[in-house]
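In this chain, numbering begins with 1 at the start of the sequence shown.
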Amino acid sequence: MAYQDIEKVLVSEEDLKEINKRLGAQITKDFADKNLLVVGILKGSIYFMTDLTRYINLPCKIDFLAVSSYGSGTTSSGAVRIIKDIDINLEGYDILIVEDILDSGRTLNYVCNMLKSRNPASISIATLLDKPERRVVDLTPDYVGCDVPDEFVVGYGLDYDQRYRNLPYIGQLKREIYE
């Protein structure tokens, strides 16, 4: 892997661990006595969801959605495709959607509306990274790891053209790599 492709580290391994501990403790408190279903948005959320659920001290179920709105580009097309749907009936579950990054909000807004139509008890959103200045829909996450600048970021599940996901930190990708 080309670590020289990274301009700078924005969120270190230690920072990621602390984010997961903090969010896990808050989710544990907020979802006590609820029927928690943690839904990861593939592929980007896999590392975050795995580590986060280790700090959720409650019984819960997990499932995954695979959605696409980017293809191999660097900006969302706005056209959302469901590639892998949730396998269980959502009625009565308190859903926690786990996302790697929230920027425009188009994809997550689509997902939330789709899931609401299936009658869950509630829907909450946990995002590792937030870019609120890029939001084009009215969507506010319930749990945020940290805000990041409006730069192209990779690592800890986030990718550029399916590369860099396995970096153990969040890094800013050099512009010459993707422009």
Side-chain angles (χ1 to χ4, degrees), residues 1-32 36-70 72-76 84 95-105 107-108 111 124-135 139-179:
M1 173 150 354
Y3 289 101
Q4 67 271 14
D5 295 348
I6 304 302
E7 183 74 33
K8 63 182 170 182
V9 174
L10 298 174
V11 186
S12 71
E13 288 181 74
E14 190 57 39
D15 293 338
L16 290 167
K17 184 176 182 179
E18 291 305 313
I19 286 168
N20 284 307
K21 286 170 109 174
R22 173 177 53 84
L23 294 180
Q26 188 62 52
I27 291 164
T28 298
K29 179 180 172 188
D30 294 349
F31 284 85
L36 179 58
L37 173 64
V38 181
V39 176
I41 306 296
L42 295 174
K43 299 178 186 169
S45 73
I46 189 69
Y47 292 95
F48 175 43
M49 181 175 163
T50 299
D51 289 345
L52 176 63
T53 55
R54 291 179 180 148
Y55 291 103
I56 297 174
N57 192 18
L58 298 170
C60 65
K61 291 184 179 180
I62 65 168
D63 208 333
F64 298 93
L65 269 173
V67 298
S68 175
S69 66
Y70 282 82
S72 63
T74 59
T75 58
S76 174
K84 187 251 179 253
I95 298 172
L96 176 65
I97 299 170
V98 177
E99 180 68 294
D100 56 356
I101 188 166
L102 179 54
D103 49 24
S104 75
T107 301
L108 204 49
V111 166
S124 301
I125 299 168
T127 187
L128 174 60
L129 305 176
D130 194 13
K131 289 185 182 179
E133 68 278 0
R134 291 191 38 110
R135 202 86 75 248
L139 186 68
T140 303
D142 302 278
Y143 307 94
V144 175
C146 65
D147 288 352
V148 289
D150 189 12
E151 298 291 344
F152 200 87
V153 295
V154 294
Y156 199 64
L158 292 102
D159 75 302
Y160 170 65
D161 201 21
Q162 300 301 324
R163 296 178 59 217
Y164 309 102
R165 286 192 197 277
N166 62 319
L167 290 173
Y169 56 82
I170 306 294
Q172 178 182 327
L173 193 61
K174 290 181 178 177
R175 287 190 181 274
E176 60 263 24
I177 303 300
Y178 61 90
E179 286 185 339

Practice task
Would you name the heavy atoms of Asp103 and Arg135 that are closest together and state the gap between them?
Solution key: O-NH1, 2.8 Å

Exercise for the section: Classify the side-chain pair Tyr143/Asp30 by whether it contains a donor and acceptor separated by less than 3.5 Å. Expected result: yes

Completion exercise
Shortest non-hydrogen pair, Thr28 vs Ile56, comes out as OG1-CA, 3.3 Å

Practice task
May I ask you to say whether Arg175 pairs ionically with Glu151, meaning some side-chain N is under 4.0 Å from a carboxylate O?
Solution key: yes

Fill in the blank from the handout: Closest heavy-atom pair, Gly155 versus Leu167, reported as atoms and distance to 0.1 Å, is CA-CB, 3.7 Å

Practice task
Working to the nearest 0.5 Å, report the span between CD1 of Ile19 and CG of Asp51.
Solution key: 11.0 Å

Exercise for the section: Kindly say whether Gly145 contributes a backbone atom to a donor-acceptor pair with the side chain of Arg22 at under 3.5 angstrom? Expected result: yes

Problem - Gap between atom CG of Leu37 and atom CG of Leu96 - 0.5 Å precision - result: 9.0 Å

Problem - For the student: nearest non-hydrogen atoms of Tyr55 and Asn20, plus distance - result: CB-O, 3.6 Å

Handout entry: Atom pair CZ (Phe31) and CD1 (Ile95), whose distance is rounded to the nearest 0.5 Å
Key = 10.0 Å

Completion exercise
Rounding to 0.5 Å, atoms OH (Tyr160) and OH (Tyr178) come to a distance of 9.5 Å

Handout entry: Whether Ser45 side chain and Phe48 backbone form a donor-acceptor pair below 3.5 Å
Key = no

Fill in the blank from the handout: Looking only at heavy atoms, the pair that brings Glu133 and Val148 closest together is OE2-O, 3.9 Å

Exercise for the section: Not counting sequence neighbours, which residues clear side-chain contact (heavy atoms from CB on, under 4.5 Å) with Leu16? List them please. Expected result: Val11, Leu128, Tyr156, Ile170

Exercise for the section: Check whether any side-chain N or O of Asp130 sits under 3.5 Å from a backbone N or O of Asp147 as a donor-acceptor pair, and report yes or no. Expected result: no

Problem - Salt bridge flag under 4.0 Å for residues Lys43 and Asp100 - result: no

Practice task
Check the pair Ile177 / Tyr164 against side chain to side chain contact (heavy atoms under 4.5 Å, CB included), numbers first and verdict last.
Solution key: CA-CA 12 Å; Ile177 303 300; Tyr164 309 102; 3.6 Å; yes

Exercise for the section: Compare every heavy atom of Thr50 with every heavy atom of Arg54, then report the nearest pair and how far apart it is. Expected result: CG-O, 3.4 Å

Practice task
Look up atom CG in Asn166 and atom CG in Asp159, then write down how far apart they are to the nearest 0.5 Å.
Solution key: 11.0 Å

Fill in the blank from the handout: CD (Glu176) and CG (Asp5) are apart, to the nearest 0.5 Å, by 8.0 Å

Problem - Salt bridge Lys84-Asp63, side-chain N to carboxylate O under 4.0 Å - result: yes

